[in-house]
Amino acid sequence: MSSQIAANAAEIEAIANVVATVERTQRGKDAEGFLALFHPDALWTTAHGKVLIGFDAIAEFTRKVLPAASWDGEVTYEVVHTQFLRPDVAAVKVRQVYRGADGVGSEGAPLYVMTREAGEGGRWLLTACQNTQVAADPE
């Protein structure tokens, strides 16, 4: 395996670990753990179109909404595609599924633009994110 392929595999794994942490913090309603994943200048758009610009706005919203979220099921996040725009910038397409205790759920299709902090071993951070609710197909 070439060193470039190995480097990409390591970066893809690091990105997948961030998405897994998103899932874990959402499930646990862990606002601080979730917020630790963001770049200070991040932009976040919720599935319902609320635009949050900068860490302070994201933090205020998250600290208010996440701990109070009420769902009695589970949420999963799956990376379905990672595309490197530069070696330190990746567009990450995610499949997000909420399932209620009754098995009924909804789906989201987030796009996370992530950036890697400078330096060897720099962390990947959520930088520009758009969550889109997937509408049910008409019958």
Side-chain angles (χ1 to χ4, degrees):
M1 179 184 308
S2 76
S3 62
Q4 183 61 35
I5 292 171
N8 281 346
E11 298 299 341
I12 288 170
E13 182 178 349
I15 288 166
N17 286 335
V18 172
V19 174
T21 303
V22 169
E23 177 181 308
R24 188 183 75 250
T25 58
Q26 291 290 309
R27 283 181 172 201
K29 300 179 185 181
D30 175 6
E32 298 311 312
F34 180 67
L35 291 169
L37 302 172
F38 283 89
H39 187 279
D41 296 324
L43 167 67
W44 182 268
T45 303
T46 71
H48 301 290
K50 184 168 184 67
V51 177
L52 305 165
I53 299 172
F55 181 83
D56 291 343
I58 296 166
E60 180 181 353
F61 177 82
T62 300
R63 289 176 179 138
K64 177 181 174 186
V65 173
L66 186 57
S70 62
W71 65 77
D72 55 359
E74 68 175 11
V75 61
T76 59
Y77 291 75
E78 172 191 4
V79 174
V80 294
H81 182 75
T82 301
Q83 183 169 328
F84 290 93
L85 306 177
R86 296 189 333 210
D88 61 340
V89 179
V92 183
K93 196 63 188 164
V94 175
R95 180 172 185 247
Q96 172 191 57
V97 177
Y98 289 95
R99 288 184 190 87
D102 59 0
V104 177
S106 63
E107 187 172 335
L111 174 64
Y112 300 158
V113 176
M114 298 175 67
T115 55
R116 186 169 34 90
E117 292 179 312
E120 189 173 329
R123 295 183 320 138
W124 283 94
L125 298 171
L126 301 170
T127 304
C129 306
Q130 168 78 46
N131 194 358
T132 302
Q133 189 170 10
V134 175
D137 287 333
E139 295 183 26

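Below, all heavy atoms of this structure are taken into account, side chains as well, without hydrogens, waters or symmetry copies. The model shown is predicted, which means the values in this text are computed figures rather than measured ones.
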Q) Do you know the tightest heavy-atom contact between N131 and P110? A) OD1-CG, 3.4 Å
Q. Which distance, rounded to the nearest 0.5 Å, do you find between the CG of N17 and the CZ of R24?
A. 9.5 Å
Q: Give the minimum heavy-atom separation between T62 and P67, together with the two atoms involved.
A: O-CD, 3.3 Å
Q: Looking only at non-hydrogen atoms, find the nearest pair between T25 and L66 and report the distance.
A: O-CD2, 4.0 Å
Q | Flag if over 12 foreign heavy atoms under 6.0 Å of CD, E117 | A | yes
Q. Are L125 and F38 side-chain neighbours, meaning at least one heavy-atom pair lies under 4.5 Å?
A. no
(Q) For a 4.5 angstrom cut-off between non-hydrogen side-chain atoms, does R99 reach T76? (A) yes
(Q) Are V75 and Y112 linked, directly or through intermediate hydrophobic residues, by side-chain heavy-atom contacts shorter than 4.5 Å (ILVMFWY only)? (A) yes
Q. Between W124 and V89, which heavy-atom pair has the shortest distance, and what is it?
A. CH2-N, 3.8 Å
**Q.** All side chain to side chain donor-acceptor pair (under 3.5 Å) counterparts of E78, not counting sequence neighbours
**A.** none
Q) Got a donor-acceptor contact below 3.5 angstrom from the E107 side chain to the V134 backbone? A) no
Q: Enter the distance from H39:NE2 to R116:CZ here, rounded to the nearest 0.5 Å.
A: 13.0 Å
Q: Hey, could you give me each pair passing side-chain hydrogen bond (donor to acceptor under 3.5 Å, both in side chains) that has a residue in residues 40-50? Not counting sequence neighbours.
A: none
Q: Please round to the nearest 0.5 Å and tell me the distance separating atom SG of C129 and atom CD1 of I58.
A: 7.5 Å
Q. Where is the tightest heavy-atom contact between G33 and D30, given as atom of each residue plus distance?
A. N-OD1, 2.8 Å
**Q.** Hphob cluster co-occupancy, F55 + L43, side-chain heavy atoms under 4.5 angstrom
**A.** no
Q: Would you mind listing every salt bridge (charged side-chain N to carboxylate O under 4.0 Å, His left out) that reaches into residues 81-94, with sequence neighbours excluded?
A: R86-D88
Q) Going only through I, L, V, M, F, W and Y residues with side-chain contacts under 4.5 Å, is there a path from I12 to L37? A) yes
Q. Stepwise, does the side chain to side chain contact (heavy atoms under 4.5 Å, CB included) test hold for V22 with L126?
A. CA-CA 10 Å; V22 169; L126 301 170; 4.1 Å; yes
Q: Would you mind reporting whether L35 and R63 have side-chain heavy atoms less than 4.5 Å apart?
A: yes
Q) R27 side chain to E74 main-chain N or O, any donor-acceptor pair under 3.5 Å? A) no
Q | Heavy-atom pair of closest approach, residues E23 and Y77 | A | OE1-N, 2.8 Å
(Q) Hydrophobic cluster membership, with links at side-chain heavy-atom distances under 4.5 Å among I/L/V/M/F/W/Y: are I15 and V113 in one? (A) no
Q: Answer with yes or no whether the hydrophobic clustering places F84 together with V18; edges join I, L, V, M, F, W, Y residues whose side-chain heavy atoms lie under 4.5 Å apart.
A: yes
